[in-house]
Amino acid sequence: MKRQKVSKRLFERALVLEAAKQSFGKLDPRRMIKNPVMFVVWLGTLVMVAETLRQAVSPASSGSVGYNLTVTLVLLLTVLFSNFAEAIAEARGKAQAESLRKTREETPAKKVESLGPGFDVETRIVPSSLLRKGDVFLCEAGDIVPSDGEIIEGLASIDESAITGESAPMIREAGGDKSSVTGGTKVLSDRIKVLVTTQPGESFLDKMIALVEGASRQKTPNEIALTILLAGFTLVFIIVCVTLKPFGDYAGVPISVAAFVSLFVCLIPTTIGGLLSAIGIAGMDRALRANVITKSGKAVETAGDIDVLLLDKTGTITIGNRKATGIFEANGVKEKELLDACVVSSIADETPEGKSIIELCKTLSGKSDVADKAFVSEYQQNGAISRFLKFSAETRTSGADLSDGSRIRKGAQDAIRKLSEQAGQLFPTEVQTLVKRIASDGGTPLVVSRNEKVVGVIELQDIIKPGIRERFERLRKMGVKTVMVTGDNPMTASYIADKAGVDDYIAEARPEDKMTYIRKEQALGRLVAMMGDGTNDAPALAQADVGVAMNSGTQAAKEAGNMVDLDNDPTKLIEVVEIGKQLLMTRGTLTTFSIANDVAKYFAIVPALFLAGIPSMQRLNIMNLDSPESAILSAVIFNALIILC
Amino acid sequence: MHDSMMPFTGLLLLLDMMINAFYGGVGVGLLNYFVFLIIAVFISGLMVGRTPEFLGKKVEAREMKIATLIALLHPFLILAGTAISSYVLVSYPQAGWSVQPANWLNNPSYHGFSEMLYEYASASANNGSGFEGLADNNFFWNFSTGLVLILGRSLPIAGPLAIAGLLAQKKQIPEGAGTLQTDTGTFGLMTFAVIFIIAALAFFPALALGPLAEYFSM
């Protein structure tokens, strides 16, 4: 699938410059206080500035001006590096939002003026910013859709590549699930009348872009809990450092201000503290690069916590449509006779299933290199076929009448059985067995008859996407239960579920069934994610903890979900869960790393600190550091650099 | 010159009281162990990429706040107490009290520091023992260790009760394949690390100036 060009390089020149500027702007204490760990480091830097100045004016006992100045600068760098990491994550989000916003520039709209009943076709060109909710506008081939809305009249093919990156045009029509159009997309053919559904600046995409820019980023519950933990660690070390002063006085060990501040900065978990918000922003950014817009960072994190995944069978687990995979003759029927019957009955069948039958017949008769049309035309020569019968719900068969009077029919086994029994024919037992075997293998049997006599069976199979089984296996290892939702009968559903490796399935599913299933799982305390597009999916999307709506879906579905997939790709749900997991894991790893290396720095600094007053401490100085000054400087520099790595 | 434990023996006794999370210990040992478990569950939950849960209940911000405060209380009481007594001793040795601070210690220097540290550690851990050689039956020591004793006993009981109350109100989450297993060696190691970092590490500088310095100078 072609992706929108959003995958920016990590360090683009303009981005880096902007982020560097930002990292100074972020030194504003009002902004720093939101991140308690880095705020404390910032305070430490200020204390060191004061100390250095004091030293410069009246040289005192503890250390030289140069040493103090170096410590001050390194501390300042520590704060700046952390700000830089946050700024670059934000800048990347902004750059992406900008590319989305380009599609939202002013476009002229053909507003339909209501002049009274029967006269509402007068149009006036107005800028799109003047369109209000409830207005109606007209779009013809070549026009850019000026605003989000619902088609109230007509049908059009629309190029949505500006939003989705998908180059194939989409068909949108009034009524049904595919009636919404998005501002910024281009009408390629036909003419539609659209009812504006949003105020300017409040359209769905506008809201989403604002979110991506981080304007309304909220801390997630996990982030808050982690901040508490980090604040806790910071507190421990405040206690340690403050009490160290009287301890040192008692033992006669002089400890300089620089040593106190640096010891403290090295001990608190600066690595994770400095990167916490950057990780959160990066999560939304990762989702955006997968062409999923999230309404909040919380949704991404929740996705990482999902226990149950509801997946539609079609498009996610199996490749879109069923395909014919085998043709079996009834006893006493020649292969050629059956093939002919199959082809004739499928010529008028425009469904993918019908086309796949012709495809298979071509292969079986050794003419796979002949084009479909040419192959089919052999059967239509000299008006051999007098009448085509389209599939109807009443007869539940389709087929054709030949000019020689033969009647060829194709349909579900019970429909054909009724037909042949009415004509006094027997339904052959071997066909009966075949039908049973195909159904139990998860396939759909189609029976073909000629003049009400059964001639054979066509096997239609769902093709399971390659690699999907391994994917489910991976999800299972992560503790995610996968549930397949399908309209198939329970027997077929169970076969496919088994073959694809999903944990559970809902067969003969109606939209209400999804809702019931989600409620049932949630009552057990599980988190459920699902994907949907239709209006009838909206309640379930809203009920699910993570609801991913397809961009092609209705406005109602998009409002109800908390993410929108711009690619309309049903497998995206799995990706979203994986992104969420990665987000949680990255944060966990960094936390562990940060704390572990604080412990290491602790053992490096403390013994060196006491060396001056207690020479016997040399035995604890495992790293054999020369002086407290060198120990402190090296630890502080390490501390600053590790944020960048 | 020594009227109480040799440095290393003293160090181990001190460490036991500082960790204060031993099953069967005097005071609130087991309760503190549960507090450390909550923190360990939280950290390891974050590491494997799941919202942490313990005994089928989600551990969230409020529980973490209480657990962190309780875990911090013990180092705070011991270190702050010892810091105050050191400060008084260094700054006001001649204060006009019935026992002048200058006369508190039979053994000044490192061992004297261990004695003061032990006094507060014992009070906060509700242990009741003490290093001899410290003139502790006077107003300063009786009052300050009394305060530490009350705080060190009642708050670590109140905190876990509050956590239990919060957890009881939450929905039970069924155990799934992704649930963090809390009965494995890995998790045991994790809990150990958390206890080690919070309980033992906070005391490292104090221990270095007390028993360790004494040991190395012998």
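Lettering follows sequence order; numbering is per chain, from 1. Any value given below was found using the heavy atoms of this structure, including those in side chains, with hydrogens, waters and symmetry copies removed.
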Margin query: The criterion is ring pair (Phe, Tyr, Trp, His ring centres under 6.0 Å); which residues satisfy it with Tyr110(B), sequence neighbours excluded?
Written below: none
Which atoms of [X] approach chain A - backbone, side chain, both or neither, heavy atom under 4.5 Å:
{"X": "Ser91(B)", "result": "neither"}
{"X": "Leu117(B)", "result": "neither"}
{"X": "Leu79(B)", "result": "both"}
{"X": "Ala206(B)", "result": "both"}

Any idea which heavy atoms bring [X] and [Y] closest together, and the distance?
{"X": "Ala202(B)", "Y": "Val236(A)", "answer": "CB-CG1, 3.7 Å"}
{"X": "Ile239(A)", "Y": "Pro75(B)", "answer": "CG2-O, 4.3 Å"}
{"X": "Thr68(B)", "Y": "Gly232(A)", "answer": "CG2-CA, 3.3 Å"}

Item checked: Distance in Å, Leu72(B) CG paired with Ile238(A) CD1, rounded so as to fall on 0.5 Å steps -> 10.0 Å
Next item on the list: Return the option, out of Ala213(B), Ala67(B), Pro205(B), Gly210(B), with the maximum number of heavy-atom pairs under 4.5 Å with chain A.
Entry: Pro205(B)
Notebook entry, point to check: Given the options Val90(B), Ile84(B), Leu209(B), which has more heavy-atom pairs under 4.5 Å with chain A than any of the others?
Noted result: Leu209(B)
Notebook entry, point to check: Where on Leu590(A) is there a heavy atom nearer than 4.5 Å to chain B: the side chain, the backbone, both, or neither?
Noted result: neither
Next item on the list: Below 4.5 Å from any heavy atom of chain B, which atoms of Glu521(A) appear? Answer side chain, backbone, both or neither.
Entry: neither
Are more than 12 heavy atoms from other residues, nucleotides or ligands located less than 6.0 Å from atom [atom1] of [X]?
{"X": "Lys481(A)", "atom1": "NZ", "value": "yes"}
{"X": "Phe260(A)", "atom1": "CZ", "value": "yes"}
{"X": "Phe39(A)", "atom1": "CZ", "value": "yes"}

Note to self: Applying side chain to side chain contact (heavy atoms under 4.5 Å, CB included) to Tyr87(B) and Asp249(A), what does each step give before you reach the verdict?
What the structure shows: CA-CA 8 Å; Tyr87(B) 175 74; Asp249(A) 289 348; 5.7 Å; no
Notebook entry, point to check: Among Pro246(A), Ala251(A), Gly248(A), which has the most heavy-atom pairs under 4.5 Å with chain B?
Noted result: Pro246(A)
Item checked: Phe113(B) and Tyr250(A) aromatic ring geometry - parallel, tilted or perpendicular at 30°/60° bounds -> tilted
